[in-house]
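Working notes for the structure below.
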2 protein chains.
Amino acid sequence: MMEYEVKIRVGDLQPLRARLAALGNRPATRLTERDLYFNSPKRDFSRTDEALRIRSTEEDTSLTYKGPKIGLAGVKAREELIVSVDPKGAMEEILFRLGFTRTAMVEKTRETYRVEGTFVALDEVKGLGSFVEIEAPSGLGEDEAIALISRVRGELEVRGEETTLSYLEMILAKR
Amino acid sequence: MMEYEVKIRVGDLQPLRARLAALGNRPATRLTERDLYFNSPKRDFSRTDEALRIRSTEEDTSLTYKGPKIGLAGVKAREELIVSVDPKGAMEEILFRLGFTRTAMVEKTRETYRVEGTFVALDEVKGLGSFVEIEAPSGLGEDEAIALISRVRGELEVRGEETTLSYLEMILAKR
């Protein structure tokens with residue numbers, strides 16, 4: 001499955017929350033996500049632009065593989081494979097036994113909304129600041145996905161700087 | 001967690017079923033297990049005596065890592081780490097993306113009983129024949145586990161040849 005999304009750094013999430021409420025949107029979820037990133041014993045994911053992550057929230061745990069990013073004028077596209085896993089501790093142990101190493105942890109509070117089929121996330125990322133992500137629903141082609149994301153961004157009046165960097169890359173760049 | 005078990009090749013499972021029934025035991029589960037085994041891009045698991053497996057039954061899917069076997073006079077001991085995963089297809093895809101390769105498939109019908117705390121499995125393995133496994137409950141020390149397995153084997157009057165080979169090794173040896 002391909003994931004298409006735009007990520008925008010914002011100074012403050014409050015104006016966007018107000019805009020979402022004014023348009024009649026309520027948050028679908030509000031969760032703390034604790035992401036552990038791993039590197040492969042076989043190849044360096046920071047060079048191949050892949051990512052392997054265990055994400056834990058108050059509700060569940062998942063394992064995600066992300067393929068190399070494809071930049072498309074500010075929109076980020078990449079393959080994403082995700083499985084829910086249980087329990088979290090055993091998944092981490094299995095990765096260690098297979099030779100994977102832990103590289104970084106990213107913690108954030110994520111509030112999500114559904115807007116015209118897109119997933120809108122308001123993220124407060126520990127050590128990095130506030131961001132908005134707008135992700136197209138799966139199954140859309142590239143052109144359709146980019147057009148939809150752009151329209152939703154306009155309606156929500158999200159101003160700020162786009163970035164195709166992942167939170168992991170931002171955390172690693174600060175070291 | 002350490003797994004202690006004995007595996008015995010038997011000609012026919014019917015006498016054991018009758019013995020279990022006579023002692024008042026009923027099968028706890030009867031499932032078809034389809035096991036896909038994978039090898040690491042980093043080291044050859046057939047040399048390091050490790051195993052990585054996705055097991056699917058009618059009920060669920062799990063990912064299991066098994067460490068090297070420690071032979072103890074017919075009883076097999078090894079570290080086992082297991083997580084339930086969902087969906088199965090995405091787990092297999094993630095392993096492929098991480099460079100793991102599929103080595104073999106083992107299919108069996110497994111009927112399980114609980115006898116004095118042990119897990120007794122009556123296995124009919126496609127291409128290999130019939131086997132009985134008696135596994136100690138987790139948390140027992142080595143001596144306790146071996147004594148319990150031996151006592152249950154005696155009570156159930158299981159005759160036949162012990163083997164510390166895994167079904168995977170038997171399948172690979174037939175090639």
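Proteins get letters first, then strands, A, B, ... in listed order; numbering begins at 1 in each.
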Flag if over 12 foreign heavy atoms under 6.0 Å of CD, A:E58: yes
Heavy atoms of other groups near A:E59 CD, more than 12 under 6.0 Å: no
Reference residue A:M91; test side-chain contact (heavy atoms from CB on, under 4.5 Å); the match among B:L63, B:I82, B:L81: B:L63
Joint hydrophobic cluster, A:I8 plus A:Y167, side-chain heavy atoms closer than 4.5 Å: no
From CG (A:L98) to CZ (B:F45), nearest 0.5 Å: 5.0 Å
More than 12 heavy atoms of other groups within 6.0 Å of A:E157 CD: yes
Heavy-atom proximity to chain B below 4.5 Å, by part of A:L52: side chain
Stepwise side-chain contact (heavy atoms from CB on, under 4.5 Å) check, B:V83 with A:I94: CA-CA 9 Å; B:V83 281; A:I94 289 175; 4.1 Å; yes
Check ion pair A:R97-B:E79 (N to O, under 4.0 angstrom): yes
Top contributor to chain A contacts, counting heavy-atom pairs under 4.5 Å, from B:P87, B:S40, B:G67: B:P87
Heavy atoms from other residues, nucleotides or ligands near NZ of B:K42 exceed 12 (cutoff 6.0 Å): no
